[in-house]
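Throughout, numbering of the chain's residues begins at 1 and tracks the sequence.
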Amino acid sequence: MWVLVFFDLPTETKRDRRNYALFRKKILADGFQMFQFSMYVRHCSSKENSDVHLKRVKRFLPPKGHIGIMCVTDKQFGMMEIFRGKESVNPPVTAQQLELF
């Protein structure tokens, strides 16, 4: 399961820029990786684990802006095609996570 967070936050005032930086810093600390500007992804081992991170991101939400959160399966994420211009590129290598039971 993959959790995708994409956002468009205002940066007009000093307070807006601070809220933007704080939100970004918190999702990075929660294990998200930048996939594109304003789009971050995190791999989760199960639906229950993704629910934990969804709730956490919702606690970090800034007072203004547009934020989207979406969950996709490993298979759906793996079928993504990525292009740089018209040239196809390989998806970025994501960090492997070790799980101990």
Does anything in residues 52-63 form a side-chain hydrogen bond (donor to acceptor under 3.5 Å, both in side chains)? List the pairs, not counting sequence neighbours.
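As it turns out, the side-chain hydrogen bond (donor to acceptor under 3.5 Å, both in side chains) pairs with a partner in residues 52-63, which skip direct neighbours, are D30-H53, D30-R56, R42-H53.
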
Sorted by first residue and then second, give each side-chain hydrogen bond (donor to acceptor under 3.5 Å, both in side chains) pair with at least one member in residues 71-85; sequence neighbours left out.
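Applying side-chain hydrogen bond (donor to acceptor under 3.5 Å, both in side chains) to every pair that reaches into residues 71-85, excluding sequence neighbours, yields W2-D74, H43-D74, T73-Q76.
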
Taking salt bridge (charged side-chain N to carboxylate O under 4.0 Å, His left out) as the cut-off, I'd like each qualifying pair that reaches into residues 10-19, sequence neighbours left out, listed once.
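The answer is D16-K64.
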
Tell me, do P62 and L22 make a side-chain contact under 4.5 Å, heavy atoms counted?
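P62 vs L22: side chains apart.
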
Which residues, ordered by chain and number, are linked to I67 in its hydrophobic cluster, where ILVMFWY side chains connect at heavy-atom gaps below 4.5 Å, directly or through other members?
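Its cluster partners, ordered by chain and number, are V3, V5, F7, L9, Y20, F23, I27, L28, F32, M34, F37, Y40, L54, V57, F60, L61, I69.
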
Among the clusters formed by ILVMFWY side chains lying less than 4.5 Å apart, do M80 and V72 turn up in the same one?
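Yes, M80 connects to V72 through the hydrophobic network.
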
For M39, what residues pass the side chain to side chain contact (heavy atoms under 4.5 Å, CB included) criterion, not counting sequence neighbours?
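Applying side chain to side chain contact (heavy atoms under 4.5 Å, CB included) to M39 gives L4, F6, F35, Q36.
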
Which residues pass the side-chain hydrogen bond (donor to acceptor under 3.5 Å, both in side chains) test with K47, not counting sequence neighbours?
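For K47 the side-chain hydrogen bond (donor to acceptor under 3.5 Å, both in side chains) partners, ignoring immediate neighbours, are D51.
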
Looking only at heavy atoms, which two atoms of G65 and P10 are closest? And how far apart?
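Closest pair (atom of G65, atom of P10, distance): CA-CD, 3.7 Å.
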
